[in-house]
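Residue numbers start from 1 in every chain, and the chains themselves are labelled A, B, ... in the order their sequence lines are given, proteins ahead of strands.
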Amino acid sequence: MAEEKLTSRSENYSDWYNELVIKAELADYSPVRGCMVVRPYGWSLWENIQAALDRRFKETGHTNATFPLLIPKSFLEKEKEHVEGFSPELAVVTIGGGEELEEPLVVRPTSETIIGYMYSKWVKSWRDLPILINQWGNVVRWEMRTKLFLRTSEFFWQEGHTAHATEQEAREETLRMLDVYADFAINEAAVPVIKGVKSETEKFAGAVMSTTIEAMMGDTKALQSGTSHFLGQNFAKAFEIQFSDKNNELQYAWTTSWGLSTRMIGAIIMTHGDDKGLVLPPRLAPIQVVMVPIYKNDEEKSKVMPIADGIFSQLKNAGMRVKMDGREEVTPGYKYNDWEMRGVPLRLEIGPKDVEKNSVALARRDVPGKEGKVFVSQEGIVATVQTLLTDIQAGMLAKATAFRDSNMFDPKDFNELVEVVQKGWAVSHWCESKECESKVKESTKASTRCIPLDQTESQGSCIVCGKPSKRKVIFGKSY
RNA sequence: CGGGGUGUAGCGCAGUUGGCAGCGCACCGCGUUUGGGACGCGGGGGCCGGCGGUUCAAGUCCGCCCACCCCGACCA
């Protein structure tokens, strides 16, 4: 059961987050430093995320497979940037069956290498391409500072790995999957995201180009919520993924990879959560409607429960995820707070007065207090609830989008940029040099988040050095 | 790995000049309650982070070690 009040977001955002994850029973700390236990409620949420994504992957022609957890250490060393990027965070297995291993194995930090190795075996002809595979699994990256869902040493994700005959096809795939992520984030999670390209310093180790969906959290920090990489021929060359084209000429394949992790749960928490707890978008919520029956004694109970059960069945049969909270050892008030902590989008109360008046009370989680509570007729309850859930989903997206937009700024000069990145994002022209990027980071702790894809080129000058620039970038502090 | 902090019941904490280890919440039992976190009565629960030292006596004083948290360097 959820316990007493949360630390408020304004008091200490970080404490608020940590307490919320524990009290909503999404996850718990494990005995292994930096690892987490995802509890049933958190995992149900993840399963709904998986289902929504998996459907989209299948619709775009991908199939699932699984590759090993352990990878020969030498594989990681085949791609120069890749090894440099990942070496510091590898977990390495040196002993197996009591014997020192001839070659150490690394616990996968990501699977480009082993999948590249397999693809080289499977790809001989242009007819073998494209290969469009996704894997659901876990990976391990030894992290210095961890935080549940946002950064843990082991995390759960999906990683898509594709190989193509042409550069153009691979580039299209990269952007197609970025679109899938953005569509998922916006329409399922109600998390407004900006699609963009990562700078050279921020990109994936081994990629030619990394793209991202960036979301703004409730404290205005940015969270990279999904990434899609164009890997060029880097991994194809490292693992000799070669094929004969139609002219019988040997070519290296072009590959992509893309991933979205349980970090998305952190994004949902920090995009929608409030001081009472979690607020979940109806489309992903493990429980969409919680029913709280109210009665003082057996007589009232015998009048209320048959009607409550009838409504429960109607909602259930309509395909809604509904739960009846029939606990008798806690008061209704306790239950309200309990389910608010867990972010259930809609609460349905039914008591003796409702039985008399043929009504029920509906309280929406995204609109706190009396304002979000309405009394409606029991007639047509399924349609009423469905409409409300749709409204909540749309309302959450609108609210989050308005919040983000009101915290994006267009600073006039460097001094103003330094100011605005303390309270939100700066969208500014940038010459795309590492020098200017690191100057901003050193003086503000804000990094480049992405160069938004949906922007029209405009003539401007770099906010740092003043050199000509055609594109704007987002600067912001990030998780 | 650098800087700061904290370790006492499941959680949050108190513990005075060294002298029987406590409080709130949670948990268990019984009864009364139940439309916004109910109440009464009765219970259970401790290697006081670890090791060593000082002392008649250490949660308390001293030394060493360990763990965790926060702020930095690294990241989906």
Side-chain angles (χ1 to χ4, degrees), chain A residues 1-7 12-15 18-19 22-23 28-29 31 33-34 84-90 108-110 138-147 149-159 181 198 201-205 207 210-215 222-229 257-267 276-277 292-298 300-301 304 325-341 347-357 359-361 363 368-370 372-373 375 441-442 445 447 478-479:
Chain A
M1 283 191 286
E3 286 151 39
E4 299 293 310
K5 286 199 179 98
L6 274 177
T7 298
N12 186 331
Y13 198 81
S14 182
D15 283 353
N18 290 334
E19 289 173 20
I22 298 298
K23 290 183 174 173
D28 204 349
Y29 297 99
R33 203 190 100 75
E84 284 171 4
F86 282 104
S87 303
E89 40 189 305
L90 291 180
R108 64 182 172 211
T110 179
N138 53 345
V139 288
V140 169
R141 300 178 186 179
W142 218 258
E143 293 289 348
M144 297 296 188
R145 286 187 59 201
T146 61
K147 192 156 177 146
F149 291 119
L150 297 182
R151 187 176 305 103
T152 45
S153 290
E154 178 191 26
F155 60 87
F156 303 87
W157 73 344
Q158 58 68 217
E159 44 179 326
Y181 287 154
K198 283 287 182 187
T201 50
E202 297 284 332
K203 80 176 188 195
F204 175 75
S210 286
T211 64
T212 174
I213 49 170
E214 293 285 326
L223 185 73
Q224 177 175 316
S225 307
T227 47
S228 182
H229 313 290
S257 68
W258 25 277
L260 187 147
S261 72
T262 39
R263 174 180 268 191
M264 191 71 209
I265 292 175
K276 283 171 155 285
V292 179
I294 291 152
Y295 45 81
K296 286 191 181 65
N297 48 47
D298 283 347
E300 286 185 358
K301 182 180 177 182
V304 169
D325 186 353
R327 286 179 292 177
E328 303 208 342
E329 64 278 10
V330 291
T331 61
Y334 184 94
K335 293 177 185 176
Y336 300 167
N337 288 287
D338 198 23
W339 293 110
E340 279 165 4
M341 181 69 78
R347 180 179 74 240
L348 190 156
E349 303 163 24
I350 178 160
K353 291 177 208 162
D354 296 304
V355 172
E356 267 173 46
K357 291 190 277 188
S359 65
V360 299
K370 278 184 186 164
K373 191 158 167 175
F375 290 87
K441 194 161 190 177
E442 279 160 27
K445 287 172 193 158
S447 53
S478 72
Y479 277 97

Point to revise | For A:Y181 against A:L260, the heavy-atom pair lying closest together | key: OH-N, 3.5 Å

Practice item. Starting at atom CG of A:L150, determine the distance to atom C1' of B:rC75, rounded to an integer number of angstrom. Key: 12 Å

Practice item. Please tell me if the side chains of A:H229 and A:K198 come closer than 4.5 Å, counting only heavy atoms from C-beta onward. Key: no

Check your understanding: Between A:G85 and A:P88, which heavy-atom pair has the shortest distance, and what is it?
Key -> O-CD, 3.8 Å

Point to revise | Consecutive Watson-Crick or G-U pairs in runs of at least 3, all under 3.5 Å, in which RNA chain B is involved | key: B:1-7 with B:66-72, B:10-13 with B:22-25, B:27-32 with B:38-43, B:49-53 with B:61-65

Exercise for review: Classify the nucleic acid contact of A:T152 as base, sugar-phosphate or nothing, counting any heavy atom under 4.0 Å across all strands shown.
Suggested key: base

Nucleotide N/O of nucleotides 69-71 of chain B paired with protein N/O under 3.5 Å:
{"residue": "B:rC71", "atom": "OP2", "partner": "A:R145", "partner atom": "NH2", "Å": "2.2"}

Check your understanding: Expressed in angstrom and rounded to an integer, what is the separation of A:D298 atom CG from B:rU32 atom P?
Key -> 11 Å

Practice item. Scan A:E340 against the nucleic acid and name what it touches under 4.0 Å (heavy atoms): base, sugar-phosphate only, or nothing. Key: base

**Study point:** Under 4.0 angstrom between A:T331 side-chain N/O and B:rA38 OP1 or OP2
**Key:** yes

Review point. Reckon A:G259 touches a base, only the sugar-phosphate, or nothing at all at heavy-atom distances under 4.0 Å?
Key: nothing

Check your understanding: More than 12 foreign heavy atoms under 6.0 Å from NZ of A:K357: is that the case here?
Key -> no

Check your understanding: Considering residues, nucleotides and ligands other than A:W157, do more than 12 of their heavy atoms fall under 6.0 Å from its CH2?
Key -> yes

Check your understanding: Does A:E19 get its side chain close enough to the base of B:rG12, under 3.5 Å, for a donor-acceptor pair?
Key -> no

Exercise for review: Find which nucleotide of RNA chain B each of A:V355 and A:E202 is nearest to by heavy atoms, and output the residue with the more 5' nucleotide.
Suggested key: A:V355

Point to revise | Pairwise P distance for B:rU60 and B:rC47, with rounding to whole Å | key: 16 Å

Review point. What does A:Q224 touch in the nucleic acid at a heavy-atom separation under 4.0 angstrom: a base, only the sugar-phosphate, or nothing?
Key: sugar-phosphate

Check your understanding: Between B:rG37 atom C1' and A:Y336 atom OH, what is the distance in whole Å?
Key -> 12 Å

Point to revise | Side chains of A:Y334 and A:E329, donor plus acceptor under 3.5 Å | key: no

Exercise for review: Would you indicate what A:K441 reaches in the nucleic acid, counting non-hydrogen atoms under 4.0 angstrom: base, sugar-phosphate, or nothing?
Suggested key: nothing

Review point. A:K296 NZ to B:rU34 P: how many Å, rounded?
Key: 6 Å

Check your understanding: Among B:rG35, B:rG36, B:rA76, which nucleotide sits nearest the side chain of A:E349?
Key -> B:rG35

Check your understanding: If you check the A:N337 side chain, which of B:rG36, B:rC75, B:rG35 turns out closest?
Key -> B:rG36

Practice item. Identify the two heavy atoms, one from A:F149 and one from A:T262, that lie closest to each other, and give their separation to 0.1 Å. Key: CD2-O, 3.6 Å

Review point. Does NZ or CZ of A:R151 fall inside the cone over A:Y479's six-membered ring, less than 6.0 Å from its centre and within 45° of the axis?
Key: no

Review point. Hey, which of these two, A:A363 or A:W157, hits RNA chain B nearer its 5' end, going by closest nucleotide?
Key: A:A363

Practice item. In whole angstrom, give the distance that lies between atom CE of A:M341 and atom P of B:rG37. Key: 15 Å

Point to revise | A:K147 vs A:S14 side-chain heavy atoms within contact, under 4.5 Å | key: yes

Practice item. Could you check how far OH of A:Y334 sits from C1' of B:rU33, rounded to whole Å? Key: 16 Å

Point to revise | Sugar-phosphate, base or nothing in reach of A:L260, heavy atoms under 4.0 Å | key: nothing

Exercise for review: To the nearest Å, give me how far apart CD (A:Q158) and C1' (B:rA76) are.
Suggested key: 11 Å

Check your understanding: If you look at every strand shown and take non-hydrogen atoms under 4.0 Å, does A:K335 touch a base, only sugar-phosphate, or nothing?
Key -> nothing

Review point. If the P atom of B:rU55 is compared with that of B:rC62, how far apart are they to the nearest Å?
Key: 16 Å

Practice item. Assess the pair A:F86 and A:F204: is the distance between their ring centroids shorter than 6.0 Å? Key: yes

Revision key, fill the gap. Of B:rU34, B:rG36, B:rA76, the nucleotide closest to the side chain of A:R347 is B:rG36

Practice item. Using whole Å, report how far NZ of A:K353 lies from C1' of B:rG35. Key: 6 Å

Check your understanding: Looking across every strand, which nucleic acid part, if any, lies under 4.0 Å from A:D354 by heavy atom: base, sugar-phosphate, or nothing?
Key -> base

Point to revise | Whole-Å P distance, B:rC28 and B:rG15 | key: 31 Å

Practice item. In whole angstrom, give me the gap between the C1' atoms of B:rG7 and B:rC65. Key: 14 Å

Review point. Counting only heavy atoms not in A:D298, do more than 12 sit closer than 6.0 Å to its CG atom?
Key: no

